[in-house]
There are 2 protein chains.
Amino acid sequence: MKVTEINSWQSVKAEVMRRIVERIWLPGDLVPNEVDLAEEFGVARATVNRAMRDLADAGLLERRRKAGTRVALNPTRKATLEIPITRLEVEQRGWIWRHAILEREESVAPVVVASRLGLPVDTPMLHVRSLHYANSHPFLYEDRWVNISAVKGICDVSFQTIDANEWLVQNATFTRGDISFSAANATAQEAELLEASVGAAIFVIDRTTWNGDIPVTVVRLAYAPGYRMHTEI
Amino acid sequence: MKVTEINSWQSVKAEVMRRIVERIWLPGDLVPNEVDLAEEFGVARATVNRAMRDLADAGLLERRRKAGTRVALNPTRKATLEIPITRLEVEQRGWIWRHAILEREESVAPVVVASRLGLPVDTPMLHVRSLHYANSHPFLYEDRWVNISAVKGICDVSFQTIDANEWLVQNATFTRGDISFSAANATAQEAELLEASVGAAIFVIDRTTWNGDIPVTVVRLAYAPGYRMHTEI
DNA sequence: CAAAGTATTATGTACATACATAATACAATA
DNA sequence: TATTGTATTATGTATGTACATAATACTTTG
């Protein structure tokens, strides 16, 4: 007899997950179809569908019309990680956040930036370099290029009170983006800014964003040594 | 007049997204409730709900019962990144994957591992250290501890044909896990194994997994210099 | 007047039904 | 036999209704 009753999509999900985890359904196996499962569990098909869709999103199941649903051969778990706003990230750790602009000038896009965004090299852009502090210690060095024509009003913002990241996040909504994470040895400049030694391992995030087909920003975030990005799955 | 007709949850999502991106609905704004939107769009409430739930999952909306739905003040976009199987990751880049076991021995958990998993220090564990190659170049150094009692049959597996990661992914399904990403300077050992210079910046993933409350594995993945983890949002 | 209780409201979920769509299997045809 | 067409099937989605739940607003009561 069952200990837990199945009457919600969450419980269907839990039960299906149990069968996968306990290897009642093996990787690659075709699992019963929604109608049969609905009958077995005594719920509506829509409820089973909701649960199965959720598990497919998580990468535990693979579903294809007509072909049916299978336990994923390689249950590629998907971790969702939030792209944080630095101020909040620092404050959440109970530290005091501070921010300083190192440079802010309008100029044309350098080749490397222009090519990355797919823009002509003479596109007018805003270059902002800034440093974020946590409890007066350098936390993050931010090097950002903004496509001026894509973000209305950016030329009138001083970035003294809020930082570019935060302002852009609220004002330059983007429809899609591209992120990569890597490790790099600190350059002399980065080492000095982040109060680290030259060559120290630096966690780097490179992000490019678009609004539809219009490039918005390229930004490189270099974190002070010791930074960890964390998530759960 | 509308160019695109709204008749599916996808189109509702697109339209809501448009209103957010084009700042018709500003960050923090309370948006119309599901019933009203359903009426406006000429679809059922369930359809609106599906669209709105999707956008809330993506971090663009914030929803609370009774309080209603708001455009997220800080549209913290969530990036989903897939936890890859190294062999596939290498092969997808068109390289030839190879794998070598450096060490494989049963012993009790060292303090640092035991404490991380919340296990007593005398728990019998399997320690596997291995190296992944891409086109005969070192790609990833993997240092793994497995809770033997949590994974049936692991002692009978040699890991000659498939690697520990892949075997575990298929055989030691976990219900939850914990991942952190960081940058580290290569130790002498890591440098030698990865054919890098000592101190080179190494991208590191630390992962711990549980099956319910039972700890399964702790693993540290140290990637050869130049590795980038990539995702889209 | 403060605390406790109650009504209201927007989202969350369940269900039955219906039809759409993609992928497969099978039959018919050149 | 290869190809084209057709039936079948499992998932995908839309709808209307109903009730659950959480959070707020309001009212009653001590």
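Note that this is a predicted model, so its numbers are computed, not measured. The sequence lines fix the lettering, A, B, ..., with proteins before strands; numbering per chain opens at 1.
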When B/Y223, B/Y141, B/W97 are each screened for side-chain hydrogen bond (donor to acceptor under 3.5 Å, both in side chains) with B/H132, the one that passes is B/W97
By a strict heavy-atom criterion of less than 4.0 Å, which residues belonging to residues 49-71 of chain A are in contact with DNA chain C? A/R50, A/R64, A/R65, A/K66
Contacting residues from residues 25-38 of chain B, given that a heavy atom lies under 4.0 angstrom of DNA chain C: B/N33, B/E34
Under-4.0 Å salt bridge between A/D206 and A/R116: no
In terms of the angle between their ring planes, are A/F181 and B/F181 parallel, tilted or perpendicular, with boundaries placed at 30° and 60°? parallel
Taking B/F174's backbone N and O only, do any of them form a donor-acceptor pair with B/N211's side chain (distance below 3.5 Å, no angle check)? no
Under 3.5 Å: donor-acceptor pair, side chain of B/N147, backbone of B/T217: no
So, does B/T175 use its side chain to make a donor-acceptor pair with the main chain of B/G212 at under 3.5 Å? yes
Would you check, one step at a time, whether the test side chain to side chain contact (heavy atoms under 4.5 Å, CB included) holds for A/E82 with A/L88? CA-CA 12 Å; A/E82 303 194 349; A/L88 298 177; over 6 Å; no
Indicate the ring-plane relationship of B/F139 and B/Y227, choosing parallel, tilted or perpendicular according to the 30° and 60° boundaries. perpendicular
Side-chain heavy-atom pair B/L140, B/E89 within 4.5 angstrom cut-off: no
Comparing nearest nucleotides in DNA chain C, the 5'-proximal residue of the pair A/R45, A/Q10 is A/Q10
Does the A/T209 side chain pair with the main chain of A/G177, one donor and one acceptor, at a distance under 3.5 Å? no
Could you tell me from which nucleotide to which nucleotide of DNA chain D, 5' to 3', there is an atom under 4.0 Å from chain B heavy atoms? D/dT13 to D/dT24
